[in-house]
Amino acid sequence: MSNENAGWPDADEVERRLTVTEVGVRQDVVRVAVTGELDMGTAAVLHRRLCEIRGARPAGRLELDLSALGFCDLTGLRALDALGRASSPAWCQVHIVAAGPSLDLLLDLCRMPRLLGYIPPSAHRDGAGL
């Protein structure tokens, strides 16, 4: 019997590739750190974890610290963009407060000067921060 999914990562491996952690709460703001790789395989992990965090604290603003995000592809970028386009009013209060060079570069290559309130610094766009 062949294993048709031999080339696909298992759920534990996907969970290890992206970590979404609540790192701080102050008044009505929850800060969340996202580390690892945000891509087709891990975008669902991001969405699920943010739903869990948002479910525990439905009111207020969610701040995303993506400074330790080592990789982001177009699927990951779409997943982030979808957070701001969701129909729920709670999701409209999601903001990126920090990002790393890989996301800054991707935003520049896709000609997206702003994502969820985040504007990449010019040093990353010029290649100096890479």
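Just so you know, these numbers come straight off a predicted model, no measurement behind them.
- Interatomic distance, M40 CE to L74 CG, rounded to the nearest 0.5 Å: 10.5 Å.
- The shortest heavy-atom contact between R114 and I119 is NH2-CD1, 3.0 Å.
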Please report the C-alpha distance between Y118 and L64 in whole Å, then the side-chain angles of each, then the deciding distance to 0.1 Å, and finally whether the side chain to side chain contact (heavy atoms under 4.5 Å, CB included) criterion is met. CA-CA 10 Å; Y118 174 76; L64 300 178; over 6 Å; no
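- Here the shortest heavy-atom pairing between S102 and F71 reads OG-N, 3.9 Å.
- If you take CD on E37 and CG on L69, they are separated by 9.0 Å, rounding to the nearest 0.5 Å.
- Considering L103, L46, L50 in turn, L46 is the only one that fulfils the side chain to side chain contact (heavy atoms under 4.5 Å, CB included) rule with V34.
- In this structure, CG on D65 lies 6.0 Å from CZ on R31, to the nearest 0.5 angstrom.
- The closest side-chain heavy-atom distance from T35 to T21 is not below 4.5 Å.
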Hey, mind stepping through L38 and L66 against side chain to side chain contact (heavy atoms under 4.5 Å, CB included) and telling me if it holds? CA-CA 10 Å; L38 182 54; L66 306 176; over 6 Å; no
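- Taking 4.5 Å as the limit, every side-chain heavy atom of L80 sits out of range of all side-chain heavy atoms of V94.
- When every heavy atom of V30 is checked against every heavy atom of I53, the shortest pair comes out as CG1-CG2, 4.0 Å.
- Between the CG atom in D104 and the OG atom in S67 there is a gap of 10.5 Å [rounded to 0.5 Å].
- Between E22 and E52 the shortest side-chain heavy-atom distance does not fall below 4.5 Å.
- Counting only heavy atoms from C-beta outward, the side chains of D39 and R17 approach each other to under 4.5 Å.
- Looking only at side-chain heavy atoms (C-beta outward), C110 and L77 come within less than 4.5 Å of each other.
- Heavy-atom minimum distance, L106 versus C72: CD2-O, 3.3 Å.
- Q27 CD to R61 CZ: the interatomic distance, rounded to the nearest 0.5 Å, is 12.0 Å.
- Closest heavy-atom contact between T42 and L18: O-CD2, 3.5 Å.
- The two atoms that bring A79 and A43 nearest to each other are CB-CB, 3.9 Å, heavy atoms only.
- A chain of hydrophobic side-chain contacts below 4.5 Å, direct or via other Ile, Leu, Val, Met, Phe, Trp or Tyr residues, connects L116 to M112.
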